Asker: 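Would you mind keeping the following structure in view while I ask a few things?
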Amino acid sequence: MEEQRTHIISALVLHKPGVLQRVAGLFTRRGFNIDSITVGTSEQENIARMTIIAKGDGKVLEQITKQLNKIIDVIKVRDLEPENTVKRELCLIKVHSPTEKVRAEVVQYVNIFRGRVIDVSPETLTIEMTGASDKIDALIDLVKGFGIKEIARTGPTAMSRGIKTI
């Protein structure tokens, strides 16, 4: 049996209503789980880029790719090779920080991780962090002790390194 691994699937799709639903529905009908999906405009007008993170063996990936290519609104699909991919995620973390001492400590961690404090209230700091998922996880682990009020994560978005494009 082939080993399961995480696949980074990049797809160019028409930027119109219902496309995301059709893509997600395909995964549901086939029993594939989506770990993460991000969608945003691309460099071409009326075309969006989807980054889908899913686990499976080579057969699963082949099925996913074939099924995605059958969707009329899907223009191009590519499995990105992890070693030749730039992948980043955005995370917002609201941390309980009721005192100056706690605030200073949280800000110190944020600076070490090259994050930014984007909102301050009397009881909380909101942190913006972009980077690799494991870097974000490490910051979250560090600030957990202060009390995390809320987390919002985008999931990774990715593209090939160098001159190669989808």
Side-chain angles (χ1 to χ4, degrees), residues 3-13 15-28 31-56 60-61 64 78-162 166:
E3 183 183 329
Q4 295 240 335
R5 73 172 184 90
T6 299
H7 296 277
I8 306 164
I9 301 162
S10 186
L12 292 179
V13 300
H15 191 51
K16 64 183 199 179
V19 177
L20 176 60
Q21 181 182 359
R22 282 190 282 289
V23 169
L26 176 153
F27 279 78
T28 302
F32 302 136
N33 188 43
I34 296 173
D35 291 339
S36 168
I37 188 166
T38 60
V39 185
T41 58
S42 74
E43 70 285 356
Q44 299 172 38
E45 193 174 329
N46 300 321
I47 295 179
R49 175 187 297 269
M50 283 187 182
T51 302
I52 305 163
I53 310 293
K55 286 187 182 75
V60 167
L61 174 69
I64 290 171
R78 190 145 144 236
D79 182 32
L80 302 178
E81 301 164 3
E83 62 277 359
N84 293 321
T85 301
V86 177
K87 185 171 72 168
R88 293 292 180 268
E89 181 176 354
L90 167 67
C91 182
L92 302 176
I93 311 161
K94 190 178 292 185
V95 181
H96 183 62
S97 54
T99 67
E100 282 302 316
K101 183 178 184 279
V102 169
R103 223 175 272 261
E105 206 170 332
V106 171
V107 168
Q108 188 175 8
Y109 287 143
V110 170
N111 290 337
I112 290 168
F113 280 82
R114 294 193 178 123
R116 293 181 344 155
V117 173
I118 58 168
D119 187 57
V120 178
S121 78
E123 295 285 320
T124 63
L125 290 175
T126 302
I127 303 162
E128 173 189 65
M129 182 73 204
T130 58
S133 297
D134 56 348
K135 180 180 171 186
I136 291 171
D137 292 340
L139 177 61
I140 290 170
D141 285 344
L142 274 175
V143 297
K144 243 181 212 166
F146 300 109
I148 294 176
K149 297 291 189 183
E150 196 172 11
I151 295 177
R153 290 179 84 156
T154 61
T157 192
M159 65 173 47
S160 296
R161 291 184 182 277
I166 189 171

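Just so it is clear, the model here is predicted, and its values are computed rather than measured.
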Asker: Applying side chain to side chain donor-acceptor pair (under 3.5 Å), can you list everything that pairs with T28, at least two apart in sequence or on another chain?
Answerer: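 Expected list: none.
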Asker: Which value, rounded to the nearest 0.5 Å, describes the distance between I93 atom CD1 and I140 atom CD1?
Answerer: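 CD1 of I140 is found 4.5 Å from CD1 of I93.
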Asker: Do any side-chain atoms of residues 31-38 form donor-acceptor pairs under 3.5 angstrom with protein atoms, and if so which ones, sequence neighbours left out?
Answerer:
from : atom 1 : to   : atom 2 : distance (Å)
D35  : OD2    : K55  : NZ     : 2.9
T38  : OG1    : P156 : O      : 3.4

Asker: Measuring from I127:CD1 to D119:CG, what's the distance to the nearest 0.5 Å?
Answerer: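 The CG atom of D119 is 11.5 Å from CD1 of I127, to the nearest 0.5 Å.
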Asker: Taking only residues at least two apart or on different chains, which pairs with a member in residues 16-26 satisfy salt bridge (charged side-chain N to carboxylate O under 4.0 Å, His left out)?
Answerer: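 Those involving residues 16-26 are K16-D73, R22-D73.
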Asker: Just jot down the salt bridge (Lys or Arg N to Asp or Glu O under 4.0 Å) partners of K94, sequence neighbours excluded, or say none.
Answerer: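 For K94, the residues satisfying salt bridge (Lys or Arg N to Asp or Glu O under 4.0 Å) (neighbours in sequence not counted) are E150.
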Asker: Step by step, work out the side-chain contact (heavy atoms from CB on, under 4.5 Å) result for L125 and V102.
Answerer: CA-CA 10 Å; L125 290 175; V102 169; over 6 Å; no
Asker: What distance do T124 atom OG1 and R103 atom CZ have between them, rounded to the nearest 0.5 Å?
Answerer: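 So the OG1 of T124 and the CZ of R103 are separated by 7.5 Å.
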Asker: Can you name the salt bridge (Lys or Arg N to Asp or Glu O under 4.0 Å) partners of D141, sequence neighbours left out?
Answerer: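 Result, salt bridge (Lys or Arg N to Asp or Glu O under 4.0 Å) vs D141: K144.
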Asker: Identify every side-chain donor-acceptor pair in residues 105-116 under 3.5 Å, counting partners at least two apart or on other chains, and give the distances.
Answerer:
from : atom 1 : to   : atom 2 : distance (Å)
N111 : ND2    : V107 : O      : 3.4
R116 : NE     : E128 : OE1    : 2.9
R116 : NH2    : E128 : OE1    : 3.2

Asker: So how far is it from F146 CZ to T99 OG1, rounded to the nearest 0.5 Å?
Answerer: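 F146 CZ to T99 OG1: 9.0 Å, rounded to 0.5 Å.
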Asker: Using a 3.5 Å cut-off and no angle test, enumerate the donor-acceptor pairs between side-chain atoms of residues 44-51 and protein atoms at least two apart in sequence or in another chain.
Answerer:
from : atom 1 : to   : atom 2 : distance (Å)
R49  : NH1    : S10  : OG     : 3.0
T51  : OG1    : T157 : OG1    : 3.4
T51  : OG1    : A158 : N      : 3.4

Asker: Output the distance between atom OG1 (T130) and atom CD1 (I136), rounded to the nearest 0.5 Å.
Answerer: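 The OG1 atom of T130 sits 7.0 Å away from the CD1 atom of I136.
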Asker: Sequence neighbours left out, cut at 3.5 Å: what donor-acceptor pairs do the side chains of residues 81-91 make with other protein atoms?
Answerer:
from : atom 1 : to   : atom 2 : distance (Å)
E81  : OE1    : N84  : ND2    : 2.8
T85  : OG1    : E81  : O      : 2.5
E89  : OE1    : S133 : OG     : 2.6
E89  : OE1    : R153 : NH2    : 3.3
E89  : OE2    : R153 : NE     : 2.7
E89  : OE2    : R153 : NH2    : 3.4

Asker: If the condition is side chain to side chain donor-acceptor pair (under 3.5 Å), which residues does R5 pass it with, not counting sequence neighbours?
Answerer: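 With neighbours one apart ignored, the set is H7, D79.
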Asker: S160: which residues meet the side chain to side chain donor-acceptor pair (under 3.5 Å) condition with it, sequence neighbours left out?
Answerer: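 So S160 forms a side chain to side chain donor-acceptor pair (under 3.5 Å) with R78.
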